[in-house]
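Encoded as structure tokens, the structure appears first; notes follow it.
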Amino acid sequence: MAPNPTIMQAVEQLDYRVTAGDVASQAGLDVKIAEQGLLALASEAGGHLQVSDAGEVAYLFPHNFRGVLQSKYFRLRLQALWNKIWGVLFYLIRISFGIALIVSIVLVMLTIAIILIAINSSRQDNDNRDDGGGMVFFPRFWIGPDIFWFFSPNYYSGDYASRRQRSHRSRDGNRMNFLESVFSFLFGDGNPNADLEERRWQAIATVIRNNRGAVAAEQVAPYLDISEAELNREDEDYMLPVLTRFDGRPEVSPEGQIVYHFPELQVTASDRHIQPVADYLEERLWRFSQATSGQITLATCLGAFYLVGTLVLGSLLSDGSIAAQLGGLVAFVNGIYGVLLGYAIAFLVVPLIRFFWLKWRNASIEARNEKRQERADVLHQPNETILRKIAYAKRFAATTVVNANNLAYTTETNLTEQELAQKDKIDEEWRRRLESSSS
């Protein structure tokens, strides 16, 4: 069984000595999966098992266990290399859309300039033949308030520059460059809730451990997605996935109320304080883009400028004769004109559609967050029934720490040495009892 990367990360975060309950809580994993993964990791990475007098197991790993695994497994080395390569590839993909925008704009503007110069030269020749000379005529086409305003030397001066600087100061040090911001403007920056299930189970496990392994359903409900019908049912079926994942068991009070006991999460490798946890599971809202407002404005304006320029170019190439006469770059651009126009339209339409889609999606997220918050508010002012359930759950609360004082066996030393140490320990205990009885 290959080592689980999630378990490896949890072991490192927990300082290399863990129990299955520690890992299940830290990573939000099923307890059985955590236990199987720890056994596999200990076997492959030279870890040690430490068994307490009560039969509880802790796992101790060397700090360099990743290096041990990488030297052992070619696949892990290959994965580490691929992660580095993919980081570079994904960056190139992100900036490619910004590069495509700039290249397309340059192609469009350069082709327009070549066509206008050719038209102007033709008219000048005609005027010279008719009049024997005259002023050079360069036609002016109106294509917006000022199609060349982006190339003005004063573009970054004045109010716009100050707004851009303030926007950049408002972001952290890892701000994206303009080429990356084009990708962000088009497609966003990924799902902000990609780790939602991981956060959900981590929070639930933390709540259980903070309550020493025994809880009422109302303490877990703010982290689950539950319908009103499920919430009002007395059988509390929505707790079944929690019981399955963390190997829990229901306990019924004399009054017929149900609480939940999780023995596996009561065992830990070291004393741990109460961990902070949010009152409820909050889904993050989707952001249109993590680019600055100045970058988004610039991308929008460039997209509009590109679309207008493409439409103007289309009008100049409409009859096809100019491309045939001039050839070269003009003929090439004429051949890919459909691609240029399609990109220009998509550049503005895709973000517009995504904007309205995100508004709809965020409304659903806010509704779910509000329901979870309402269930959390119930715990702030609990009724008598909830208080009795929580009080009964505390009867099952306990914490077992597997430490050097209660070890019965460890794979760090051979069995003979441990048996002798155990015998000495028993002899010492009997000696103390005899001394205390005689006194």
Side-chain angles (χ1 to χ4, degrees), residues 1-73 76 79-80 195 197-215 223 242-249 261-277 397-413 418:
M1 180 178 177
N4 186 325
T6 303
I7 292 177
M8 292 167 62
Q9 184 177 6
V11 168
E12 290 172 329
Q13 292 170 343
L14 294 169
D15 201 24
Y16 303 94
R17 188 172 183 272
V18 298
T19 64
D22 291 334
V23 171
S25 176
Q26 179 71 23
L29 290 173
D30 186 302
V31 168
K32 295 182 178 62
I33 293 176
E35 186 174 11
Q36 292 172 359
L38 284 170
L39 285 170
L41 185 60
S43 173
E44 299 296 337
H48 298 289
L49 274 64
Q50 298 177 333
V51 184
S52 72
D53 296 332
E56 309 293 356
V57 180
Y59 301 82
L60 177 65
F61 294 92
H63 285 213
N64 67 334
F65 76 86
R66 278 191 185 270
V68 173
L69 289 173
Q70 287 185 1
S71 62
K72 200 170 188 179
Y73 283 98
L76 290 177
Q79 183 179 7
D195 62 343
E197 289 306 306
E198 180 182 346
R199 291 194 292 121
R200 183 197 305 278
W201 294 113
Q202 285 175 345
I204 291 173
T206 302
V207 168
I208 294 171
R209 301 203 85 176
N210 286 349
N211 287 278
R212 301 176 64 205
V215 294
Y223 307 93
V242 183
L243 294 172
T244 301
R245 178 172 286 262
F246 298 123
D247 198 19
R249 61 193 66 166
H261 176 210
F262 299 86
E264 291 290 343
L265 296 187
Q266 293 178 320
V267 182
T268 180
S270 60
D271 291 315
R272 302 191 187 281
H273 302 291
I274 291 178
Q275 299 296 313
V277 61
T399 300
T400 301
V401 180
V402 181
N403 54 36
N405 297 326
N406 59 15
L407 288 184
Y409 171 73
T410 174
T411 58
E412 294 174 90
T413 56
Q418 292 180 69

Starting from the C-alpha separation in whole Å, work towards a yes-or-no answer on side-chain contact (heavy atoms from CB on, under 4.5 Å) for Thr6 and Val23. CA-CA 9 Å; Thr6 303; Val23 171; over 6 Å; no

To the nearest 0.5 Å, atom CD of Glu198 lies from atom CG of Leu29 at 8.0 Å

What are the two closest heavy atoms between Trp201 and Val242, and how far apart are they? CZ3-CG2, 3.8 Å

List the steps, then state whether side-chain contact (heavy atoms from CB on, under 4.5 Å) holds for Ile204 with Phe246. CA-CA 10 Å; Ile204 291 173; Phe246 298 123; 4.0 Å; yes

I'd like to check the side-chain hydrogen bond (donor to acceptor under 3.5 Å, both in side chains) partners of Glu264; sequence neighbours left out, ordered by chain and number. none

Distance (rounded to the nearest 0.5 Å) between Leu38 CG and Tyr59 OH: 5.5 Å

Minimum-distance pair of heavy atoms, taken over all atoms of Ala45 and Pro62: O-CG, 3.5 Å

On a heavy-atom basis, which atom in Arg66 and which in Gln9 lie closest, and how many Å separate them? NH2-N, 3.8 Å

Where do Thr19 and Ala269 come nearest, in terms of heavy atoms and distance? CG2-N, 3.5 Å

Please report the interatomic distance CG(Leu265) to CG(Asp247), rounded to the nearest 0.5 Å. 9.0 Å

To the nearest 0.5 Å, how far apart are OG1 in Thr268 and CZ in Arg209? 4.5 Å

If a pair satisfies side-chain hydrogen bond (donor to acceptor under 3.5 Å, both in side chains) and one of its residues is in residues 23-33, list it, with sequence neighbours excluded. Gln13-Gln26

Who pairs with Asn210 by side-chain hydrogen bond (donor to acceptor under 3.5 Å, both in side chains), at least two apart in sequence or on another chain? none

Show, in sequence, the C-alpha distance, side-chain angles and deciding distance for Val277 and Tyr223, and conclude whether the side-chain contact (heavy atoms from CB on, under 4.5 Å) test is met. CA-CA 11 Å; Val277 61; Tyr223 307 93; 4.0 Å; yes

When every non-hydrogen atom of Ala58 is compared with those of Arg17, the smallest separation belongs to CB-NH2, 4.2 Å

Can you tell me how the ring of Tyr16 sits relative to the ring of His63, calling it parallel under 30°, perpendicular over 60° and tilted otherwise? parallel

Using atom types as modelled and distance alone, determine if a side-chain donor or acceptor of Arg199 lies under 3.5 Å from a backbone N or O of Gly28. no

Distance (rounded to the nearest 0.5 Å) between Gln266 CD and Glu56 CD: 9.0 Å

What heavy-atom pair brings Gly47 and Phe61 nearest, and what distance separates the two atoms? CA-CD2, 4.0 Å

